[in-house]
Structures are given as C-alpha cells and as structure tokens.
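Down below is the structure, laid out as structure tokens.
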Amino acid sequence: MFSFRRFFWRSKFFPRKISFSREGKVFVLISLGLGFAAINTGNNLIYLVFSLSLAMIVLSGILSEWNLRKLRPFVGAVTRAEAMKECFVEVGIKNERKRLPAFSVQVRLLFEEDDVHVRPMRVLEVRAGQRVNGSCVLKFSKRGVFNLFGVAITTDFPFSFFSKSVVFPASGKVLVHPRIKDDISSVVGYLPDGEEVTVSNRSGRGTEIFGLRDFRVGDNPRHKVYKRVLPDGKELVKEFEQEGTRAVLVLVFDIYDDKLVGKDDLEKALEDAASVCVNLVRQGVQVGVKTVSGRVELPEGKGEAQLFEILDLFSTLDFLKVQSSHVEEALSSLTFSTDRETTLFFVRPAVGVAGI
Amino acid sequence: MSFDRLHRLVSSGTAVLGISIVALSGEYELPLMVALILALAIGPQVVIGRYQNLLGKALNIFAVVSGLFFGYLAISTSNFLYYALFYAMLLSSVKGFFLFQRNDFMQFYVLSFLQCIAGAVINPGLSFGVLVIPYVVLLTLCLLMSNVRKWVEETADASVSKVRNERDIVAWLESKSLLPAQLLWLTAGLSISTFLVSVVFFFLFPRVGMGFFAYQQRPPVSVPGFAETVELGAMTNALEDTQVVMRVKAVGGDLEPPIRMRGQSLDYYDGQKWSKTTSTVWPLRTDQQNRFLVDPREPLDGREKTVEVYLEPVSGSKHLLFAPQTPVAFEPPPNDLRALRPEKWRFYRDESGDVVVTGPPNVALVYYAHYDEHKGMSPLFLTASLRRDYLQLPEGLSSDIIALAREIAEDRKDPEEVASRLVRFFHSRFKYSLHSRHHENDPLADFLLRNREGHCEYFASGMVVMLRALGIPARLVTGFYGGDRNEYGGYVALRKSDAHSWVEVFVVGKGFVPFDPTPPGFIQSRLGKGLFGGLSKAIDAIRLFWYRWVVEYSLDKQMDFLLGLAMPSRKKGGFDEPRITIGEIRQVFRKAKDLPWVQVLALLLATPLVLWTAMKVFRGRKRIFRLRKFVTLPEVATYRSALEVVAKRTGLRRAPHETQLEFAKRVASFYPKAEQPLLALTWLYLASVFGGDTKKAESEDLKKILDEIKEAFRNI
C-alpha cells in the first residue's frame, strides 16, 4: 500500500527532505501575503519587508544545507524489541568538518513500517571533528518484523522554519515481540477439560497450575478432577506446580473469521499467551507452543534460548482466515492430546456476539 | 548573563524596535505609545513562576474579548488598519508578560513582525529605514536563540521520565554556557547577509502589477505663503522651521547658495492679506524636445541655464512649480513608461506667468526648470485691466504711507530708479526681525511708520504698496531664497525657513523685474556649523536617497538602473542618476572625510562606556524589589556553598575532568571527617539536577548537612 511517509523518505529525486514547522508555515503565509500586498499596492516599503522575509527564507535554506554537510551517523545494533515498550538504540553523529560546528541536529532511524514511533537523538552542537553519542528511542505499536531502511540526520537550524533532512541508507531488521504483561493473574486459560485456570507469576509456591495425572494413592481426594475420567475409568487428579518439573504446551488460537473471532481478539489472546509463556519459562517450566491450525509447533523447552524461540515465533505468527464453522469447532473443543506430563494451556480469544 | 535572561532581553529589544517604527509615524498618541513601549521593555524581563496554565488561559480570553471589542470599533468607524494595529500592539504588550515556552516567544515575534509590516504602510520616512536594520539583527538573534530554547524543551520532553522535567529546563536555561559562542558570531554574519540579500531582492525583483504604475505617496509638507490667499504675517511660523521643502541641483554646473526660487505672484492686497486675481490659465505647449514652454512665442535659444528640482510632496492636486528667475520652460524627467501611468502631469500657466502642474496629490515632484536670468517675468506688456490690478491699493490706505513714498522717490519717474531708492531706504532704516508685533488693524502702516521691524513679507508688502502709490505697477512674489549646500548629496536644500517674499516691478520693455527690499544678512544657516550641521546634512542626503531609491522606486527607475548597468556609457544627470561610478564612490569617501569624525568616534566610544558604568552602579545598589524571580534549586545552592567552604578552608577545587563524586572522594581522602556529609550532599545535588522525580530534600536537612561540613573543616 502506498505510504506517503515511505515515499518522502526514500525518494532519491529529492536528496534533501524538507518539512515545514508550524512557525515556518505561518512565516511563509505571511511572506506570501506580503508579496501579494506589495504587488497590488505598489508600496515599496511593504516590498522591502517582503524582501527581508524572502531573504530569511533563502538564507535559512542555505544555512541548513551547510549545517548538514559532512555529518555522518552511526547506529548500534538492535535486533529485538517488545511492542509498546521503549527500546533504546545507541546512535552517534560525527562532524567531519575541520573548523565549523553543526548546530541543532537530530539523528532518527527510519523504518518501512508506520507502526513505530521514533524519538530521535538531539544534539545542540557538534564541534568540528567531534563525535557525539547518544540514544534513539523506539516504540513499536505492534509485534512483527520491522525493516530499517535508513538513518536521517535532521536539522531545523537556524530559524526552525523547516526541518531539512539527509537520509543515509541503512538496513536491518527488528523483530518485535508481543507485549508482555507483568501481571498475568487476569489471564484465563483452559485445561483440556475446559476448566478455567490462571497462572501465577510466582514460582515454586505450590499455587494452582494446570497439570493432570492419574490419581494415586495418597493424593488429596479434593484435587480429583470429577469432570473428566479417562476411558479406562481411571481418575485424574490435578497436579500442582513444583519448580523445574512441569511442562506446559500453550495452545495459540490463530484462525479467525471476522464474525466470531476477529484479528484484534487474536492479537490480545496472543499477548496473553506470550505473557504466560514468558512467565512460565522464567519460573523454570518447560514450555512449548502449538497453534490451533496446526501450522506451527514448538516442542517444550526451557531457558533463555527457548524464551527467545517462543517470542520470535509469536512475533512472526500470522493469522489465518477460515470459515466460521472451523472457528466454532476450534472454540468448542480441544482436539490436541498431549502426554500426561505436559499440560495443555489454551488461551481462548474473546468471542463475538454469537459466540460460544 | 544566563541564556534565559539574554533571550528575554533581546526579545524585548526586538519588540521595542518594532513598535517604535509605528510610534514614529505619529498615527497614535505619544503617551499611549510610551506606555506600550515601556510594557514591552519590562514585560519579558518578568518571569512568572506559578499558575502559568491559568494565566495562559486568562490571556486567551483577554485576546478574544479585546479582539471582539476592537473589531467592533473598526467596523463602526471603518478605520480597520488603525484598530487592527492597535489590537496587535496591545496584545504584544500583554503577551510580553507571559513568555513561558518557546511557542510564546514565537507568537511574540509574529506580533512584532506584523507591527513592522504595518509600520511600512504608515511610516514611509527615513526612521523606518533606520529602525528596520537593527530590527533585522535582533530578530535574527531572537530566532536563533529560540531555536536553542526549542532544543532545550524537546530534549526535556524526551527524557526518560514521563513527566515533563521542568527542573531540567530551568537548569539549562539558567546556564551561562548554553549558547555556543560561535552562534553569536553567526548571528552577526547572518544579519548582514539577510540585509544584503534583501537589498538584492528589492532592487532586482521585477516591478509588475498596476500598483507600481501609481505614484508613491508620502505625507505632504505644508508651507504657508503659497496658497492663493496669503495673510500678512502667515509665514512667520514657517520661517523658523528647518524642514526641507525642495532640493535643487544645477545641470552642467555647480550651484552655490543663496539661490532664489520663484513661486507665485500675488496682486491684490486688502490691507490684511494678499490674493491672486489672475484666474485665467492655459496649458503649456511642448517643443520638439518635450519641454513645456512658458511662452511659446519665445523658444529656447541655448543661453538658458537648467536646474533640477526635487520638490517634497505638497497637499492638494495643484502644485506650484518653483524656478529661478526667469523660467522659460519646464521639463519632467524622461520616462518611457509615462504613458502607462494612470495619472498624467499637466502644466498650466496664468497671466502673471506663474506655472502650476496638476497631478496626483501627496507625490514628490522632480522636474527640470530652464531659466534665463537676463529676461524679465511676463507679462511683458500690460493690458488696461492688468495695469489696474498691479496698481490696486487697499481701501483706507494711510496718507502717511503715500507721503513717505513720495518723499523717498523725490519725483523720480523711472521705475527701476524708484525701486532702487526704496530698496536702499528699507535696507538703511529698517531692521529685520522674525518676532516683531504689529497693530492688528493696519499692520503695514504700523510697520512702515512706527515699528520699522519685521520680516520679508512686511518689507515686500510695504514696497509694493509704496510703488503702487507712486503709480508704478508692482506685485508681491513668494518663493524661497537662501539654502544650504549639501556636499553629500551635491544639491542645495531649501527649507521652510528659507521661504521669502520680494517684489517684482513692471518696467516697460523688460517685463517684471525683481527687487528685494529685505535687508541683507537675514539669511543664516539654521543648521549651524560643526557636528550638528554636518550630521544634519548627511541625514538629509540619506533621506533623499531613501525617498528616491526605496520609497519611490518604480519600474522605470528599475529599467534605468538595469540599463545603466548594462550600458555604462548611458548617462543621465541630476537626481535620477542610476549609474554609480568609481569616481562617485571616491567622492563619497572624500566627503566622508569631512565629517567631524573625532566627535563621532568620541560619541560612539563614550556611549557604551557610560552605559556600562551605569549598569555597574545600578547593580551595586540594593534593589527594593526584584523584577525577576529566579528559580533556585536549594540542593544546588547548598552544594555551591559547600564547595566554597571547601575551597576556602582547604584550597581544593574540582578539576574540569573530575565528576562531583570523584571530587567528594578526593576531599574525603584528605579530610575523612567531611566524607559522610559531603558525599550525602553530592548525591542530593546529583539527584536534584539529574534525578528526575527524586524526592527533594528538606531545607532543614540541607542546612544540617552544610553545618556538618563546616564543622569538619572548622579547625583546619
């Protein structure tokens, strides 16, 4: 889809990008009005003031161009970030001139996607031969892959009438993970029998967490699962978490139909699922991920590496549009079987009006 | 001086200059303008630390309400420019007290710029040109500093803390080193460049549009004594006014004062005032060279001399043309675009030979006047009615006056001889005075018979009456006599004070011959000598340049200028000389040498010295109230006090490469007793300046820490 912002920054036909500030627009409007008045009235003094304003605009352009010459940006590496959370990228700028400083410059990273808010690095003065380091703050509004295509050095020197930028090509990808909630006590998951459970973000305290196994002698009868009985008549009992011993398979809903389940609902559910995964991994639980559509499956694992695997998977997961019947079926039943040691945790998306 | 204070000072200066341009136009009452200027000078220096949001909203309400009020006044009186400008000035004066953020400063500058634009409309004088130059310089500096302020605010907004870090902003703005030194040098260069580029734009941009075919109007000069009716004594006030009325250059020669420029003749005297009875006028015809001949029967024969006259705008659409005695032709400057102008100049003369031109009002006139000193003024022959007019005497003329005339004439009949005798009589027995009083009922009789003191009007009126009493046709003539040579402009300037009256006597075969009964020696330069005189001349020359090349710059002038650049051999004379030669540049420098440079330099050096001394004296005095309230961080103030104590007691000072903590540890290594309080205070200082939302220390705690530090160094 055509994006004016991308076209503006990438256009090679205009090597310098100019955008007017509010004051610049007012000043230009006043200048145009002056020119119109001068021509119509023939008043030479109005024309003198018009000449002054024109001169200021012209010199502003010349000085801003001079200010941008021989400036080089430097960008540190950034590969991962979290949605809706500020991410700092180290950037720097070097003035390769021998004598003259540069004033009032900004360094900004340019991404192809529009869903990123960039707060540039600002420097008041970069002396001749000096390199100034700082940081650029990025805030991605959604998960996904963001492509860096350039670094812009911008200046509004001298009068802040307009900002002039020069773009240096750059390339890179940033994988943006879904937003991770610190407090997941409100995330409601479902066990295979449909029982609702929540995840505690405290580990090793024996709070309720999903787990079912055969009832053994000695187990607390109050922990029996009466709603579900295995075909051979054996009873199941809930098993509470013990540190380092659990394995959880998180089932992620990745199909929608825009009637029962929309994409926004899936995004929210994905966030919840990601938050749960992160919390579980940090608690030492082995976590795996599987999608309802069956397209993606990540076996259980633990540790930092597994965490990144899961988050990277969530970052790139796309949703599939299917018929409503499929969505309805998926919502009503969990058709995945797991071994007894692995607990299935299903974050169900919010359902529309006619939902189950 | 901190950045914030300097920025406010410069903003104040810019606004004061902008409003001064309007004030000098004279459109608004002086007390009002003085009040507004004072408000603009003081307002930006006042820093209101609290209730900024509330005050901002109050200002918005004030702006809307006052806007509606002035809008109503403008519509009801149809004087839109007056009230719109008044509104802008009032708003900027109030806004000056509410400069909190960068946006406020920018709004302040916009209002000031609008005032400058309005000043261009209502104040075409040299004062606009003089004030707009420092205005551009200060505005450039203001915008540069505003850019720095924007950086401060945006950087503070971008801090990690979600709450706008007001204390960071204050700390930055209070800094004396925020403004890079090179930025100030850049301002000077930028201002000069702006001015030069604007000059290029001004002169080269094509003058298109119907507006440029109209003549450039300016406020007119009122000169009593040149109306169709002149009361005796009406010129008295004008004779002390040094305002320039016209500038005269000789074509093909030099002109030295005193020069005589004839205006009009008046023939009817009723005892109190003079008036003109010759009302029949006819248009002048042109010869082959487009010169308007006063008498078409007498073409120019090459013996004539020529002067170029620049006549200041006069009110009304009928302009009297001044020329040396005796004008034979008039000629407007060559202008190829004359046909495109909506209003044309038309030359007329009457029976007395006076020439007038009709055209747009309030417009300066430039024309050539060709004259022949050996000829007499027309009419050369008197008809019976004209003779009656020029022999007219007022009713009830005193017989003593007639007797006096006969006594002086001694039965002589030759008009020239009689006139000469009368001139000698006036020169020897009468005294020139600008301030003499005469009897209201018959001022002339009082002058001739009793008082014997008066100015040129009385002398001329007396002589005309006496000549007519002797049967010699004569008339009163008003014009200008005297002038000051302006070496800088190369012309003779005639002022209101040079207005003069003399007599023309009819001589058969010659026409009207001039005689001046006013005693010689009455001409004195009103300018005086020395610094003031020289400066006045220089200013007048600059003023003429300003009018000719800025206010009255037009398409034909532009074409002349460009053609002159393209064809250096193309030459024109007088006030419209577009070509600047090296010889002329040298001449300017030679003339500049004549300026009293010692006095000028002494003045330029003394002024800042006096101001600096006054500033030092003022600062040393105890102030009764503070105009400016500083926002001082208590932790910062306590920390600085502690540093002073350390430096005083131990001689230790923080090195440029040393952080505050490193310095504290260094001091502690020598003086362990001071370690704890000094480190605690250092942390508090760092937290207050860089810590964002850190809880502030109590003032009692800070005092306690400082006391502990002092105690630690007490016995050293």
Side-chain angles (χ1 to χ4, degrees), chain A residues 21-24 26-27 30-31 33-60 62-63 66-67 86 88 99-101 103-106 119-128 134-137 155-161, chain B residues 102-103 106 109-110 113-114 116-117 119-121 123-124 128-129 132 135-136 139-140 143-144 146-148 150-152 154-155 157-158 160 178 180 182-183 186-187 190 193-203 205 207-217 549-554:
Chain A
S21 64
R22 189 177 64 175
E23 295 84 12
V26 169
F27 191 79
I30 290 176
S31 301
L34 274 174
F36 186 73
I39 288 172
N40 274 289
T41 62
N43 187 322
N44 279 301
L45 294 188
I46 294 181
Y47 195 71
L48 184 63
V49 180
F50 173 56
S51 303
L52 283 168
S53 64
L54 270 186
M56 288 177 84
I57 292 172
V58 166
L59 283 169
S60 182
I62 293 171
L63 273 176
W66 159 81
N67 202 39
E86 287 182 345
F88 291 84
R99 271 185 289 274
L100 299 170
F103 297 105
S104 196
V105 289
Q106 300 175 7
R119 207 155 60 210
M121 179 187 94
R122 290 182 172 81
V123 184
L124 181 60
E125 185 189 7
V126 185
R127 293 184 189 153
S135 60
C136 195
V137 181
T155 182
D156 56 5
F157 182 78
F159 301 136
S160 308
F161 289 157
Chain B
R102 179 188 174 260
N103 286 339
M106 295 306 289
Y109 302 148
V110 167
F113 193 64
L114 290 174
C116 179
I117 294 169
V121 176
N123 182 10
F128 177 86
V132 84
Y135 179 81
V136 167
L139 184 65
T140 306
L143 290 172
L144 280 170
S146 190
N147 187 286
V148 174
K150 180 185 174 187
W151 176 86
V152 169
E154 285 181 346
T155 306
D157 274 343
V160 177
L178 180 64
Q182 285 166 317
L183 206 62
L186 187 67
T187 304
L190 193 56
S193 308
T194 302
F195 183 69
L196 291 174
V197 171
S198 65
V199 166
V200 170
F201 275 138
F202 179 80
F203 281 107
F205 196 91
R207 293 305 201 255
V208 294
M210 292 312 295
F212 284 106
F213 291 106
Y215 288 98
Q216 307 297 322
Q217 295 187 335
W549 288 100
V550 178
V551 179
E552 295 164 7
Y553 192 62
S554 57

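Residue numbers begin at 1 in each chain, while the letters A, B, ... track the order of the sequences.
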(request) Please flag which part of B:Val199 lies under 4.5 Å from any non-hydrogen atom of chain A: side chain, backbone, both or neither. (result) neither
(message) Taking side chain as everything from C-beta outward and backbone as N, CA, C, O, which of these in B:Ser193 sits under 4.5 Å from a heavy atom of chain A? Side chain, backbone, both or neither.
(response) both
(request) Give, as side chain, backbone, both or neither, the part of A:Ile30 having an atom under 4.5 angstrom from any heavy atom of chain B. (result) side chain
(message) Could you report the tightest heavy-atom contact between B:Val550 and A:Leu45, atom names first, then the distance?
(response) CG1-CD2, 3.8 Å
(request) Determine, for B:Arg102 against A:Glu23, whether the closest basic-nitrogen to carboxylate-oxygen distance falls under 4.0 angstrom. (result) yes
(message) Between B:Tyr553 and B:Phe203 (judged by ring centroids, cut-off 6.0 Å), do the two rings come close enough to count as a pair?
(response) yes
(message) At a 4.5 Å cut-off on heavy atoms, which part of A:Val58 comes close to chain B: side chain, backbone, both, or neither?
(response) side chain
(message) Heavy-atom cut-off 4.5 Å, strictly under: side chain, backbone, both or neither for B:Phe128 against chain A?
(response) side chain
(message) I need the A:Asn44 CG to A:Leu48 CG distance, nearest 0.5 Å.
(response) 8.5 Å
(request) Please state whether the side chain, the backbone, both or neither of B:Val136 comes within less than 4.5 Å of a heavy atom of chain A. (result) side chain
(request) Examine whether an atom of B:Val110 lies under 4.5 Å from a heavy atom of chain A, and if so say whether it belongs to the side chain, the backbone or both; otherwise answer neither. (result) side chain
(message) Please confirm whether the ring centroid of A:Tyr47 lies under 6.0 Å from the ring centroid of B:Phe205.
(response) yes
(request) Of all the heavy-atom pairs spanning B:Leu143 and A:Phe159, show the shortest one and how long it is. (result) CB-CD2, 3.4 Å
(message) Using heavy-atom distances under 4.5 Å, tell me whether B:Leu196 contacts chain A through its side chain, its backbone, both, or neither.
(response) neither
(request) Please state whether the side chain, the backbone, both or neither of A:Phe157 comes within less than 4.5 Å of a heavy atom of chain B. (result) both
(message) I want to check something: taking the side chain as every heavy atom from C-beta on, are B:Leu190 and B:Leu144 in contact at a cut-off of under 4.5 Å?
(response) yes
(request) Tell me, for A:Arg127 versus chain B, whether the close heavy atoms (under 4.5 Å) come from the side chain, the backbone, both or neither. (result) neither
(request) Below 4.5 Å from any heavy atom of chain B, which atoms of A:Leu34 appear? Answer side chain, backbone, both or neither. (result) side chain
(message) I'd like to check B:Phe113 versus B:Tyr135 (side-chain heavy atoms, cut-off strictly below 4.5 Å). Are they in contact?
(response) yes
